Amino acid sequence: MTHLEGLNIQQKKAVEHKNGPLLIVAGAGAGKTKTLTHRILNLIKTGVAPHAILAITFTNKAAKEMRDRMNRLLEDDKMLNLPVSSSERTFISTFHSLGVHIIKENAIKLGLTRHFTIYDRNDSKRAIKEAIEASQLDPKQFEPSKILATISREKGNLSTHTSYADKWGGEYWNDMVAKIWSKYEDILKKEKSLDFDDLLLKTALLLQNDPEVRTKYQNLWQYVHIDEYQDTNRVQYQIASLLAEKHHNICVVGDADQTIYSWRGANIQNILNFEKDYADATVIVMEENYRSTQNILAAANQVIAKNVMRKDKNLFTKNIEGEKITVFQAYEEAEEANFVANTAKKLIEAGASPRDIAVLYRANFQSRVLEEAFLHKSVPYQILGTRFFDRKEVKDVLSFIKASLNRDSFADVGRVINIPPRGIGKVTLLKIFDPVHGALPPAMQQKVASFMSLLERIKQAALSLPPSQVVKMIITDSGMEGMFRKEGEEGMENLENIRELVTLASKYDVLPQGEGLEKMLEEAALATDQDELTKDKNAVKLMTVHASKGLEFDYVIIPGLETDLFPHKKLNEDALDKNQAEEERRLFYVALTRARKKIYLTHAVIRTIFGAQKVNTPSEFISDIDLDLIESEEREEVRGVKAIFIDF
C-alpha cells in the first residue's frame with residue numbers, strides 16, 4: 001500500500017485507525033499535517049466518500065497547506081477516481097470559515113442573507129460606541145474596547161446577551177455590559193451583520209438548538225478531524241462535539257505543551273479531558289521530530305518538563321546533534337538589538353536565506369529597537385502584523401462590494417459614501433438609514449441617488465462578472481483612481497495597492513459565477529497576520545512568539561529573555577499564578593521548537609520600559625537548559641560603557 005510508505009509506526013497507526021474517537025498527541029515537528037492528510041486519503045481508499053470527511057484547523061495558512069497536500073495525494077494516487085466537483089471534496093477549513101459556510105447555508109433561519117457583512121474590529125468598536133450612546137451612557141466612562149473584549153470573551157464561552165444578563169446580572173458593571181450588549185445586537189441585526197465571534201457562536205447555537213440542521217451536518221460529515229485541539233475554546237469545543245455526536249468518528253490532533261492562547265479563551269482541559277469525554281478513545285503519541293536538531297529538542301524537553309498540566313512525552317529525532325544554543329548577554333536593549341541584526345547579517349553572508357531566519361519576541365514593543373538595528377545594518381526584514389486587507393484603500397474597495405450587496409450595512413455604506421468626497425455628511429447618512437430624521441433637500445437627494453446608482457451598477461457587476469473585473473470597475477467608476485492620481489506619491493502607492501487587489505481577485509475568477517466574489521470577501525474578512533507570509537518576502541521575519549505558531553525556520557533568535565519580560569508579567573500583576581507561569585513556559589517551548597538548525601537567546605542587563613530603566617536578571621528559562629547545551633557569546637567592548645555580567 002504505497003500511501004503508507006514513509007510513515008513511522010505511530011503515524012501509520014493514526015492513519016489506519018478508522019472508526020471511533022482518536023486522540024493524536026503530536027509533538028512539535030512530528031509530522032501531524034502529513035499524518036492527517038494520509039489519514040484522510042486512507043479513509044477515502046477504504047470507501048469513505050471524500051465529502052463525508054471534515055477537517056478543521058486554526059489558520060488560513062495551515063488550511064491551505066492541508067488542502068494543497070490533500071490534492072497532491074489524490075492526484076498522485078492512480079488507483080483512485082478523483083472527485084469531479086468541489087461539492088465532492090473533503091471540506092478543509094478553519095473554524096471561522098466553517099461557521100461562514102454553515103451560516104450562509106442557513107441564513108434565512110438566522111434572519112440574514114448570504115451576503116451578510118462580517119464586522120472587523122473597527123466596525124465592532126464603532127457599533128459598541130453607538131450602543132453605549134443608545135443606552136444613555138457615556139463612551140468616555142465605558143470604554144468601547146473594554147466592553148467589546150468582555151462581549152468577545154463571553155461569546156467564546158457560548159454566552160448570548162440574554163444568558164449573560166441572567167447569569168451575571170445584579171452587579172453594576174455586568175448590568176451595564178448586558179444593556180450595551182443588547183443594543184449592540186440590535187445594531188448587528190439592523191445592518192444584517194455578524195461580528196467575528198458570531199461566526200462561531202451562531203453556528204454552535206444553530207447546531208445545538210435546531211435538530212434538523214444538526215442532523216443534516218452530522219449525516220454529511222461522518223468523520224470529523226480537529227487540528228490544534230489544544231487551542232479550542234468552549235464554543236469551538238461545542239461545535240466539534242455536536243458534529244461528531246452521532247457517529248463518534250472524531251479525530252483530534254494537538255499538544256498540550258503548545259497551548260499558548262488561554263488569553264483568547266483556549267481551554268487546555270479540552271485536550272486533557274478528551275479520554276473522559278470519549279471513554280472508548282484510542283490515544284496515539286507521536287514523539288519523533290523531523291524538524292530540529294538533537295540539541296534543540298534536548299533543550300525544549302528540559303524546559304517543558306517542569307510543567308504539570310500536560311500529557312507526558314519526550315521529543316526525539318534521528319537528525320544530527322547540531323550546534324549548541326548561543327546565549328548573549330547585552331548591557332542594554334540597543335546593544336542586544338545590534339547583536340540580533342549582526343547575527344542575522346552574518347548568517348546571510350554565510351549563505352543563509354533571509355527568509356529562513358526569524359526573530360521571535362515576547363512583547364510587541366520590542367520590535368521598535370530591533371527595526372532600528374536592522375535598518376542601520378541594512379538587513380532586509382519583514383514585520384508580521386500589517387495585513388494587506390487592513391490597508392484603508394483596500395478596505396474601501398471591499399466595502400464598495402459589500403455595500404452594494406447589503407444596503408443595510410451602515411458600516412460599509414458609511415465608509416465609502418464620501419470616497420471620493422461627495423459632500424454627503426453624517427446627518428444625511430442617518431437620514432438615509434432612518435427617514436425619521438427628516439427628508440433630504442433636492443440637491444442632496446440627487447447626490448445620494450447618484451451614489452446609490454453606483455452601488456446598483458457594482459451589484460450587477462458583482463452578480464455577473466469575474467471578481468477581478470468587479471474590482472477594476474470599482475477602481476475606475478467610483479472615482480478612486482482619479483482621486484489617488486491627484487494625491488502625488490502617496491496616492492500612487494495607494495493606487496498600486498488596490499491594483500494588487502485586482503491581481504489577488506483574479507485567483508477567484510475560475511470559481512462559478514457569484515461564488516468567487518463571496519469566497520474573496522470571506523477570505524478577506526477572515527485574514528490573519530500569518531497570511532502576510534504567503535508573499536514570502538526574502539527577508540528576516542520579526543514577530544511575536546504567538547504569531548510564530550505553526551511556522552518553522554532554520555535559525556531562530558529569541559531576544560528579551562529577562563525576568564518579567566519572558567516569562568512575561570503584566571504591569572498590574574504582582575506575580576504570575578500557576579496557570580500563567582505554565583503558559584509562559586509553553587510559549588518559550590513553542591519558540592524553541594520553531595528552529596531547525598540553531599537558536600540564539602539574548603537578554604539585556606538594563607532595559608528601558610515606559611521611560612524608566614530597569615536592571616534585570618536573566619530569565620529562569622535559560623537556567624532550565626543544561627549548561628552542556630549552551631555556548632556563551634562574548635559581548636564586544638562598548639566604548640564608555642562599563643560591562644555588567646550576571647551569572648545564571
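This structure is a prediction, so every number in the text was calculated from the model and none was measured.
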Sorted by chain and number, sequence neighbours left out, side-chain hydrogen bond (donor to acceptor under 3.5 Å, both in side chains) with E143 holds for none
Tell me, please, which residues at least two apart from F588 pass ring-ring contact (aromatic ring centres under 6.0 Å, His included).
-> F566, F621
Any residue meeting ring-ring contact (aromatic ring centres under 6.0 Å, His included) with F91, in chain and number order, not counting sequence neighbours = H101, W221
Residues which pass ring-ring contact (aromatic ring centres under 6.0 Å, His included) with Y361, listed by chain and number, not counting sequence neighbours | none
Please tabulate, one pair per line, all N/O donor-acceptor pairs under 3.5 Å involving side-chain atoms of residues 364-371, not counting sequence neighbours.
residue: Q366; atom: OE1; partner: R362; partner atom: N; Å: 3.1
residue: Q366; atom: OE1; partner: A363; partner atom: N; Å: 2.9
residue: S367; atom: OG; partner: N364; partner atom: O; Å: 2.9
residue: R368; atom: NH1; partner: E372; partner atom: OE2; Å: 2.8
residue: E371; atom: OE2; partner: Y381; partner atom: OH; Å: 2.7

How would you list all residue pairs meeting salt bridge (Lys or Arg N to Asp or Glu O under 4.0 Å) that involve residues 21-31, not counting sequence neighbours?
-> none
With E323, which residues qualify under side-chain contact (heavy atoms from CB on, under 4.5 Å), at least two apart?
-> K598
Pairing residues for R121 by the side-chain contact (heavy atoms from CB on, under 4.5 Å) criterion, not counting sequence neighbours | K125, S145, L148
Could I get the full list of side-chain contact (heavy atoms from CB on, under 4.5 Å) partners for Q269, not counting sequence neighbours?
-> N267, L272, N273, M309
Set of residues satisfying side-chain hydrogen bond (donor to acceptor under 3.5 Å, both in side chains) with respect to E633, sequence neighbours excluded | none
With sequence neighbours left out, write down each residue that passes side-chain contact (heavy atoms from CB on, under 4.5 Å) with K13, or none if nothing qualifies.
-> I9, Q10, I284
Partner residues of Y508 under the ring-ring contact (aromatic ring centres under 6.0 Å, His included) criterion, sequence neighbours left out = none
